[in-house]
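I have placed the structure first, in the form of structure tokens, so that the comments after it can refer back to it.
The sequence lines fix the lettering, A, B, ..., with proteins before strands; numbering per chain opens at 1. The figures here come from the full heavy-atom set of this structure, side chains too, leaving out hydrogens, waters and symmetry mates.
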2 protein chains.
Amino acid sequence: MAPSDSAATELLAVRAAELYYEENKTQDEIGAILRVTRWKVGRLLSQARERGIIRIEIVHPRARRLALERELSARFGLKDAVVVPAPVDEVELQARVSEAAADYLVSHRPIPRLLGVSWGRTLHQVAEALPVGWSTGVNVVQLNGGVSLSKRPGTAASTAVMIAQKAGGQATLLPTPAILERLETKKAIEGDRTVSGVIQMARGASAYLYSAGPADVTSVHVDSGYLTTDDIERLVERGAVGDVIGRYITADGTIADPELDARTLGLGLEELRSAATAILVVGGESKHPVAHALVTHGLCSVLVTDEHTARALLGTDNSRLGADSRLSDTNEGDPVS
Amino acid sequence: MAPSDSAATELLAVRAAELYYEENKTQDEIGAILRVTRWKVGRLLSQARERGIIRIEIVHPRARRLALERELSARFGLKDAVVVPAPVDEVELQARVSEAAADYLVSHRPIPRLLGVSWGRTLHQVAEALPVGWSTGVNVVQLNGGVSLSKRPGTAASTAVMIAQKAGGQATLLPTPAILERLETKKAIEGDRTVSGVIQMARGASAYLYSAGPADVTSVHVDSGYLTTDDIERLVERGAVGDVIGRYITADGTIADPELDARTLGLGLEELRSAATAILVVGGESKHPVAHALVTHGLCSVLVTDEHTARALLGTDNSRLGADSRLSDTNEGDPVS
DNA sequence: TGCGGCTGTGCTCATATGAGCAAGCCATGC
DNA sequence: GCATGGCTTGCTCATATGAGCACAGCCGCA
């Protein structure tokens, strides 16, 4: 591979690529134009593809990043992964991730008989993104308590109900607070046959669908009045990176505050870990730490996320990947004969 | 074309495109995955291409814009056109246009027996970009006078000589000033047998290669001391947009100042117009007006330029086209082979 | 209800393309 | 001087792909 030779070859490859991809000429025609055999044209084109001279991009809001999906699955032993290209805008990002989760749910096989869902902003968007009639006879059960104490009453319930309704199924709600103030109250409520029945049912769900929240003041738990900003601060001090189904975890996948956790009503982490299908939907910068904790400690089997999060999880520097891709423009030597 | 249908179809097309272009799957395999026939996959893919979901780009400094080249040729009745993609940088742009001109010259058929050249910064770069031995036995003749009065002596001569040497041919120079101060002097020099012989020879050249300059203070004529900034101002007042082979023209392709023109030594515009092969090499914002004048009035038969200039000539809005064509900074790795 | 036009589908067949292989080609080392 | 090994080149053949066609369902219109 002498440099002078490769310069001439490269120029030829560029010409061939132009004729093939922009002018839709056949390799045979290109051969005639460039005065080489059609086999050489074929080789030139594959070289051009290898060297990245030809860039093929799929520009569409619903596009996915299959290469990253494969990497994620392999690296973290996931059953499946969905990665959407990251748009500039955070709002748009959340919308696309939610849409992707809805798409995934629709085409997921086997169709779950009973689907366990958490609640929150993300899950609500997923519910809205699901088309009416996305499935038939899928029942839904809530995984964790979610009676809102302050704003937006009924958000948790409406998410579960919407998902069930759109699939022509029934929703079973867990009509309790997410976190109780006193351990005794929590135990009492848990002792109630209805409540324990719901949790039991949740344990038997054939799939879980849930999101995660960051350990900061934007958390839904602050919004809903279960936790104060002081509580969050204390959690962060204890190493909390975020929450799943109401439970705050640290970077090594353990409960950040066992006392608080004991007062949290709903499914435990172990059920997520051992579930056949546990679909985590999570996107955006602020959730990178919690996503990392979940994914590295087997707390989900399917991950739906955005490109940036995916790269962060894989440890790929994603600022650089945006900036590079410039070719060196060094080019000398004999042009086409 | 019901909207709901086209939405579903589009999503399918996106999936197909991903599998085909990013995963290198065969249409048959994709059919199996998406549960449609392979013919449908083929149709999906062509739809995706039509709708612009798939964007194929050739990223290489030596790439060309064949579509623009075709448009230019058709619109202005050119024999040929070469358009290079415009880089961000003006210096880089000049380099690429010059390189492209050199490439064109090398592969141009029939090989000119005698090549008439002008001089200037652009032509000098073209000369440098030509590979040694780019042709055999091509003689070169200078089209217009170019003894520099102040800086860079010998530039004009060295351009012609370099082009000839690299092709193993002889250069015939026109060792006179470009513009004389007095008409009498010009006539006297023109009357010299040697000088008139060179011009006669230039008339018989089988191809011309020349550039154009803008009508502003950056002009080589100011640099070389033939014209003062006042002269340029007066030319602009008379409607001059720039010069070719030393002659300043207006937007409608006529001589801007006949008196000045009479004192200008060298080939006339008519010879360019009637030449079989008149290769104009011109790039950059400042030369758009002069390029437009030349191209619309038949003063070149081959145009080598950059993308922005091409769009300006065609009347396409290029600020917009320049602004887009940025890729979203999403970048996946090389697709698997 | 029945009928022409129209779109979308699955096919046949010709063509374009890529994999794999034998032969040549250059440069090196003995 | 000559063999050798890595490389490119031009081929054969199997496969992937696109063009064109007949048919089916669907719509509006009488």
side-chain contact (heavy atoms from CB on, under 4.5 Å) involving D89(A) - partner list, sequence neighbours excluded: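 Here the qualifying residues are V91(A), E92(A).
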Value in whole Å for how far the C1' atom of dT9(D) lies from CG of L12(A):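 Atom CG in L12(A) sits about 14 Å away from atom C1' in dT9(D).
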Rounding to a whole Å, what distance do you find between K40(A):NZ and dG24(C):P?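 Atom NZ in K40(A) sits about 18 Å away from atom P in dG24(C).
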Extract from the structure each pairing of a protein N or O with an N or O of nucleotides 17-20 of chain D at less than 3.5 Å, listing the distance.
| from | atom 1 | to | atom 2 | distance (Å) |
| --- | --- | --- | --- | --- |
| dT17(D) | OP1 | Y20(B) | OH | 2.8 |
| dT17(D) | OP2 | T26(B) | OG1 | 3.0 |
| dT17(D) | OP2 | Q27(B) | N | 2.7 |
| dG18(D) | OP2 | Q27(B) | NE2 | 2.7 |

Quick one: list whatever passes side chain to side chain donor-acceptor pair (under 3.5 Å) with Q27(B), sequence neighbours left out. none
Name all pairs fulfilling the ring pair (Phe, Tyr, Trp, His ring centres under 6.0 Å) condition that reach into residues 40-79 of chain A, sequence neighbours left out, sorted by first residue then second. none
Going by the side-chain hydrogen bond (donor to acceptor under 3.5 Å, both in side chains) test, which pairs reach into residues 73-82 of chain B, not counting sequence neighbours?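 Passing the test, one end in residues 73-82 of chain B: K79(B)-T277(B), D80(B)-Y104(B).
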Using the side-chain hydrogen bond (donor to acceptor under 3.5 Å, both in side chains) rule, collect all pairs that involve residues 34-44 of chain B, keeping only residues at least two apart or in two chains. none
